[in-house]
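Order of appearance sets the numbers: ligands from 1, and atoms from 1 within every ligand. Sequential numbering from 1 along the given sequence is applied to the chain's residues.
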Amino acid sequence: MSHASNRPNSPSSGPRAGLDGVLAGETRLSTVGVTGVGLTYLGYSIEDLSEHATFEEVAYLLLYGHLPTAAELRSFRDRIVANRPIPSALCEVLERIPGRAHPMDVLRTATSMLGTLEPEQGPSDALRVSERLLGVMPSMLLYWYRFHQSGQRIDPTVGGSSIAEQFLWLLHGGPPEALQVRAMDVSLILYAEHEWNASTFTARVVASTLSDFYSAITAAIGALRGPLHGGANEAAMELIDRMQDPDHAEKTLLEMLIKKEKIMGFGHRVYKACDPRSDIIQRWSHKLCSATDRMLLYEISERIESVMRREKNIFPNLDFYSASMYRSLGIPTPMFTPIFVLSRLSGWSAHILEQRANNRLIRPLAEYVGPEMRPWVPIEQRS
Ligand code: ACO
């Protein structure tokens, strides 16, 4: 049998830890950190989108490749709202998942379960599945949450006409204020898409095997969960919660930095000078903290930022000021990363479609660093 392969015998350059700086493919969905361009979704700047668009418009843009007309947007929103109901078998599963589970695990399990109840019927079904998930994901999350918090079986179909409004409505059990809805909507826009980040790459790897849509999304949720990626917004909140005031925050941060601890919500693999999403969410955090009498939280956050800039020259990423803003919206900390899912679902879906449209199995190489070739040792001779 021949073992001939494409593997280079002596690679010209060694592996890049964490694939840092490796160009792994093409995308037309977003630019991240391109000099003079920054973050764009299909050519629209994140500043324009967060100022003028709604999350549903952005999700439509990502899925369909163009901004919707008024009629297209109306119809898209109607379809998302119509996709809110949860199948009864899935309600039963959500009731049986422990109330102490992490909500990211709930979303991962619920997405997988939905894939057994309503499987993707071939590649032409992908857009239907992505719209279904956009509609039902907040329902699944908050059905589970409210059932275990208060024993209530909520009706997830109520809750206004947008995902932002529905999330806050179902969470708090009543209609949110317009300012809160807009803050939530902006946050969803900022989280929607970010090129070949870890969870998107995961989704594309799964899609590249010609697996189904639900498998790709379930895997992406798993990748997003970790604190080096989406889980950083929860970890940032836990850090801020430990601080009594800005001076205490400064002292604690300095101690942490001496111990070489990582400060969650800071730094980025691709951005080198700033995360353009951070300025936007920081303004919203200020607005919401001041509207809800939580300025201490904001001042502590600001002090942490200034210590990080002064001591390490490291800037906050989107996750850092998202934490104080979500707190000002009355959102429990374990819900922070799940909100990222509700939004990034749009980016993941667009990437799965893009991968499928020009697919080649994603299968890189690894440099072997294990033992030299050695003879087989029968079991009775092993020590
Ligand atoms: N706190 C303290 N030091 C940091 C931080 C941080 N948050 N981020 C980077 N550094 C330091 C590292 O200690 C390292 O220093 P050294 O060279 O002296 O050892 C150097 O900067 C490079 O750090 P790496 O972790 O190697 O950078 P990498 O590109 O691999 O990581 C990452 C990027 C994972 C985002 C990193 O900055 C980090 O761990 N940040 C905290 C987690 C976080 O906020 N994740 C959210 C990412 S954005 C998002 O998902 C929306």
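Ring-plane geometry between F266 and F320 is classed as tilted, the angle between the planes lying from 30 to 60 degrees on a 0 to 90 degree scale. Between Y321 and Y298, the ring-plane angle classifies as tilted under the 30° and 60° cut-offs.
The shortest N or O to N or O distance between M264 and ligand 1 is not below 3.5 Å. When only interatomic distances are considered, the shortest N/O to N/O separation between L257 and ligand 1 does not fall below 3.5 Å. For ligand 1, none of its N or O atoms has an N or O atom of Y191 under 3.5 Å away. In terms of polar-atom proximity, defined here as any N/O pair under 3.5 Å, N317 does make such a contact with ligand 1. Here's the thing with L318: none of its N/O atoms is less than 3.5 angstrom from an N/O atom of ligand 1. Between H229 and ligand 1, a contact under 3.5 Å exists for at least one N or O pair.
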Under the criterion side chain to side chain donor-acceptor pair (under 3.5 Å), I'd like the reasoning laid out for N317 against S278: C-alpha separation, chi angles, the key distance, then a yes or no. CA-CA 5 Å; N317 57 52; S278 175; over 6 Å; no
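There is a protein heavy atom closer than 4.0 angstrom to atom 42 (C) of ligand 1. By the definition of a contact as any protein heavy atom under 4.0 Å away, atom 2 (C) of ligand 1 is in contact. There is no protein heavy atom closer than 4.0 angstrom to atom 18 (O) of ligand 1. For atom 30 (O) of ligand 1, a protein heavy-atom neighbour is present inside the 4.0 Å cut-off. Within the 4.0 angstrom cut-off, atom 15 (O) of ligand 1 has no protein heavy-atom neighbours. Within the 4.0 Å cut-off (strictly below), a protein heavy atom is located near atom 39 (O) of ligand 1. Atom 22 (C) of ligand 1 lies below 4.0 Å from none of the non-hydrogen atoms of the protein. The presence of a protein heavy atom under 4.0 Å from atom 26 (O) of ligand 1 is ruled out.
Salt-bridge formation is not detected for the pair E238/R242: no Lys NZ or Arg NE/NH1/NH2 atom is positioned less than 4.0 Å from an Asp or Glu carboxylate oxygen. With salt bridges taken as basic N to acidic carboxylate O contacts below 4.0 Å, one links E255 and K251. One finds no salt bridge joining R303 and D245 here, because no Lys/Arg side-chain nitrogen approaches an Asp/Glu carboxylate oxygen to under 4.0 Å.
For atom 8 (N) of ligand 1, the nearest non-hydrogen atom from the set F340, F266, Y271 comes from F266.
Within the structure, the closest approach of K260 to ligand 1 does not fall below 4.0 Å when heavy atoms are considered. Heavy atoms of G18 come nearer than 4.0 angstrom to ligand 1 in no pair at all.
Applying the 4.0 Å criterion to heavy atoms of A232 picks out, from ligand 1, the atoms 43 (C), 44 (O), 45 (N), 46 (C). Within ligand 1, counting atoms from 1 as listed, the ones closer than 4.0 Å to a heavy atom of M308 are 1 (N). When each atom of ligand 1 is checked for a heavy atom of D319 under 4.0 Å away, the hits are 46 (C), 49 (C), 50 (O), 51 (C). Residue R269 approaches ligand 1 through these ligand atoms, each under 4.0 Å from one of its heavy atoms: 28 (P), 29 (O), 30 (O), 33 (C). Annotation for ligand 1: atoms under 4.0 Å from non-hydrogen atoms of P227 are 42 (C), 43 (C), 45 (N). Within ligand 1, the atoms closer than 4.0 Å to a non-hydrogen atom of G265 are 43 (C), 44 (O), numbered from 1 in the order shown. Using a 4.0 Å cut-off to heavy atoms of G267, the atoms of ligand 1 that qualify are 35 (C), 37 (O).
For R310, the CZ atom counts as densely surrounded, since its 6.0 Å shell holds more than 12 non-hydrogen atoms of other residues, nucleotides or ligands. Enclosure of atom CD in E372 is not indicated, since only 12 or fewer non-hydrogen atoms of other residues, nucleotides or ligands lie within 6.0 angstrom. Other residues, nucleotides and ligands contribute over 12 non-hydrogen atoms within 6.0 Å of the CG atom of D20. Shown here is E177, whose CD atom has no more than 12 heavy atoms of other residues, nucleotides or ligands within 6.0 Å. Taking a 6.0 Å sphere around CZ of R374, one finds it holds 12 or fewer heavy atoms contributed by other residues, nucleotides or ligands.
Residues M295 and L329 share a hydrophobic cluster, clusters being chains of Ile/Leu/Val/Met/Phe/Trp/Tyr side chains in contact below 4.5 Å.
In this structure, the ring of H194 has its center less than 6.0 angstrom from the ring center of Y271.
The shortest contact between atom 12 (C) of ligand 1 and any protein heavy atom is with K262 CE, 4.2 Å. Nearest non-hydrogen protein atom to atom 34 (C) of ligand 1 is L228 O, 4.0 Å.
Atom OG of S301 is separated from atom CE of M325 by 12.5 Å, given to the nearest 0.5 angstrom.
Pairs passing the ring-ring contact (aromatic ring centres under 6.0 Å, His included) check and including a residue from residues 18-58, sequence neighbours excluded, do not occur.
Within the 4.0 Å heavy-atom criterion, neither part of D275 lies near ligand 1.
Annotation for E234 and P338: closest pair OE2-CD, 3.8 Å, computed over non-hydrogen atoms.
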